[in-house]
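As structure tokens, the structure follows; a few thoughts come after it.
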Amino acid sequence: MSQMPATRGKARERRISASAAPEKDRLVARHFLYLAPGFVIYALFTLWPIIQTVHFSFLRWDGITAPRWVGMKNYIRILTDPEILIIFGHGLAMIIFYAILPVMIGLMIVAIMTRVRIRLLAVFRTVLFLPQILATVVVAVAWRWIYAYDGPINAFLGAIGLENLQRAWLGDFDTALVSVGLIGTWINFGLCMVLFIGGAQKIDRHLYEAARLDGAGPFAEFRAVTWPGLRGEVAIALVLTVTNALRNFDIVWNTTSGGPGISTLVPSYLIYENAFITRHVGRAAAASVVLTILILVLTTAIMRILRKRD
Amino acid sequence: MLRRTFNMALTASVLALAVGVSVHAEEITAPVSAEDIAALGDVTLRVWADAGEEDMLNKLIPRYEETYPNVTVDLTIKGWDDLMGTVVNAMNSNSPPDVTNGNQGFAIMGTMVRAGLIRPLDDFIAVYGIDQGVPASGFGSMRWNEEGTAWGTGNIYGMGGATQPLGLFYNKAKLDELGIEPPQSIDALKSALASAEEAGDLPIMLGNSEQYPLGSHVLGILIDMYSNVDEINAWIAGDDGATFDTPGIRKALETLQKWGEDGYFGNGYNGRSLDDAVSAFGDGEGVFFLGGSFIGAKLSAIDPDGFGYQLLKGENGEYVTTGTFGTPWHISSKTKAEPAALAFLGMMLSDEFAQAYADVGRLPNADLAGVTPIGSMHEQQLQAAQRLFSDGAFVGYLDWASPTMQRTLGTQAQMLLAGRTDVDSFIEAVQSDWEEYQAERKDQ
């Protein structure tokens with residue numbers, strides 16, 4: 001490249017090629033420099049713990065004294081112990097209550113709102129969103145009272161002559177899981193609703209007018225206008241709430257401690273007990289890895305399915 | 001590579017730990033003197049405690065700080081579950097509490113002994129005379145082998161301040177109404193429960209939403225009634241060949257099952273918390289309450305004379321119950337204020353301080369016979385504890401048997417009463433938990 005320039009065009013070309021390459025390199029290096037602080041924090045507090053967790057999952061370790069390598073033993077235990085499988089099953093059941101029901105309720109509210117003008121919308125929205133911002137301990141204590149044997153649900157059942165249905169809703173093998181799940185529904189539907197209202201406001205009003213002119217009823221209108229317009233929001237809501245469902249811990253902790261029997265034990269609770277109470281850190285780490293993979297698979301599937309027909 | 005780095009870090013920390021242990025392993029031959037503590041200069045003594053100790057500590061700390069003005073006590077109070085979930089890691093950190101509450105059994109005390117996190121207290125106990133006037137058998141659950149894999153013999157690593165025997169609480173007014181005497185034996189209790197049920201009262205107040213105390217305390221008391229004490233203790237300690245399948249345990253489980261079938265626990269007990277149950281019992285709901293003496297402090301606060309407390313005679317005619325020297329206290333092997341920590345426990349466990357325990361409704365191990373009760377129920381509790389100290393033997397808590405036993409027993413007991421398991425499957429589930437842990441323990 002030490003040749004003299006022959007023509008102007010070549011000279012310009014040479015100038016560009018001679019200066020652009022190092023300039024480009026410098027720029028790339030500098031870009032990474034800007035990323036570095038964020039990346040260091042991310043690596044330190046997210047990536048490194050994940051790597052450590054994966055590593056722990058192959059150990060038998062009490063968290064304190066010398067660990068021992070046990071290979072896949074912790075994973076085999078998770079996949080073969082019927083009790084642990086039931087516990088993961090409870091985690092999946094929570095998706096119905098934490099994700100599917102709230103999304104359906106949220107969609108229903110939005111569908112109604114697109115037909116009927118609701119006065120005091122801001123107040124309505126705030127009140128329904130409130131459960132989302134309340135401390136979960138407060139929520140749990142309130143619901144414990146609602147579900148208690150001498151609580152309002154049983155009082156109502158007694159008042160209408162259904163005494164035989166009265167029970168300690170959180171202490172009964174048949175109703176505990178559903179009762180805990182419905183608390184999650186109550187917490188999460190506000191979030192879904194607010195997401196969907198935001199999404200619905202972006203939908204062009206003309207589409208509704210067009211649909212109505214074409215004689216669409218409420219269902220056809222929802223299917224043709226509201227639903228396609230909300231796909232993105234539904235995907236986000238599902239990703240958030242499914243994650244929420246699978247890592248549910250605080251509500252169970254503050255209402256049933258996993259009981260009665262193991263009827264409300266969920267994966268997070270299992271992880272906590274193994275890591276801190278029974279000091280089986282390896283088993284806890286393995287369960288965390290399985291739970292993380294489960295969440296990744298489900299959320300990826302949700303994004304894929306809901307994005308498909310765009 | 002990663003694994004090697006990790007192992008190196010781990011080796012380094014284990015080495016550091018070993019060095020730490022050797023620095024502080026000096027035994028004492030005389031009580032710590034005021035000069036020893038003054039020589040520390042201005043120090044802070046960090047103390048972690050269970051919420052149940054708060055009232056006692058509120059009396060101890062001012063007294064201690066007045067005696068040793070250069071020491072400031074930094075107290076952290078934690079709820080039981082929170083304490084159990086954090087204490088081992090805290091003691092393993094570089095800035096552990098100097099003094100802390102722990103718990104007997106493999107998961108907490110065993111781990112701390114194995115990792116060399118707590119200081120052996122044999123010298124302290126001998127020098128301060130803590131073992132005077134208390135039954136030697138009570139130290140069984142505080143003694144560990146050096147590996148931290150078995151308890152019952154070896155160095156003493158902890159000591160509690162107040163004994164906590166499980167027993168039978170009763171509502172005096174209700175017993176009067178029913179015209180029955182406080183039951184002294186399991187058979188008398190059975191007929192009293194039947195009378196209460198017939199009269200339309202709730203026989204036993206229970207709050208089991210945390211899967212506790214049905215599978216641990218209530219069942220524990222019943223097992224004590226029908227069992228050979230040594231057999232149960234051997235099983236809890238994980239002795240070779242021990243089994244949960246004994247005629248006594250079968251009988252206890254059948255009794256529990258029958259009590260459930262007969263509705264002695266009323267409705268909705270699995271949805272009620274233990275605290276709520278104690279409050280409800282204090283408000284006059286239920287005739288009997290089976291639980292630990294620590295519940296007595298709460299009942300005394302409601303009405304010091306309205307309730308009674310009784311140990312029960314088992315089938316063999318002897319008073320027997322589950323109990324210990326209470327929640328153990330430990331000293332960190334890494335403490336930089338060891339004299340201050342020793343003096344703190346020394347004062348807490350002294351005869352002179354015993355009355356302070358009694359004043360908050362508890363049953364001090366020290367000077368048990370000398371303290372003045374705060375009410376008639378407290379007096380009964382003190383007498384029961386004395387009886388246990390003089391000629392009873394301590395039965396351990398069943399959940400010490402394995403780290404997962406609390407959950408297994410709690411789960412199985414709820415299932416038994418809900419008709420979702422039977423006595424055979426109950427025993428099998430508990431024994432298989434036990435066997436799995438014994439294998440794990442041998443492999444440590």
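Letters A, B, ... mirror the listed sequences (proteins, then strands); counts begin at 1.
Contacts between Arg144(A) and chain B at a heavy-atom distance below 4.5 Å are absent for every atom of the residue. Contact annotation for Tyr149(A): only side-chain heavy atoms (C-beta onward) come within less than 4.5 Å of a heavy atom of chain B. For a residue to count as touching a neighbouring chain, one of its non-hydrogen atoms must lie under 4.5 Å from one of that chain's; by this rule Asp81(B) touches chain A with backbone and side chain alike. Residue Asn254(A) does not touch chain B at all, counting heavy-atom pairs closer than 4.5 Å. Contacts of Trp145(A) with chain B are absent, with no heavy-atom separation under 4.5 Å from either backbone or side chain. Contact of Tyr272(A) with chain B is made through the side chain alone, with heavy-atom distances under 4.5 Å.
Comparing Thr255(A), Asp150(A), Asp62(A) by heavy-atom pairs within less than 4.5 Å of chain B, the highest count is held by Asp62(A). Taking chain B as the reference chain and counting heavy-atom pairs below 4.5 Å, the highest number among Ala168(A), Gly63(A), Gly171(A) is found for Gly171(A).
Here the OG1-OH distance, from Thr278(A) to Tyr437(B), works out to 9.5 Å after rounding to the nearest 0.5 Å. Distance CG/Leu265(A) to CZ/Arg407(B): 4.0 Å, rounded to 0.5 Å. Thr404(B) OG1 to Glu273(A) CD: the interatomic distance, rounded to the nearest 0.5 Å, is 9.0 Å.
Within residues 270-277 of chain B, the residues having any heavy atom under 4.5 Å from a heavy atom of chain A are, by residue number, Asn270(B), Gly271(B).
No salt bridge links Glu440(B) with Lys73(A); every basic N to acidic carboxylate O contact stays at or beyond 4.0 Å.
Considering only heavy atoms from C-beta on, Glu210(B) stays 4.5 Å or farther from Thr256(A) through its side chain. With contacts defined as side-chain heavy-atom distances shorter than 4.5 Å, the pair Ile64(A)/Met91(B) does not qualify. Annotation: side chain of Phe173(A) is in contact with side chain of Met415(B) (closest heavy-atom distance under 4.5 Å). The closest side-chain heavy-atom distance from Asn89(B) to Arg279(A) is below 4.5 Å.
Surrounding CG of Asn164(A) are more than 12 heavy atoms belonging to other residues, nucleotides or ligands, all under 6.0 Å away. For Gln257(B), the CD atom counts as densely surrounded, since its 6.0 Å shell holds more than 12 non-hydrogen atoms of other residues, nucleotides or ligands.
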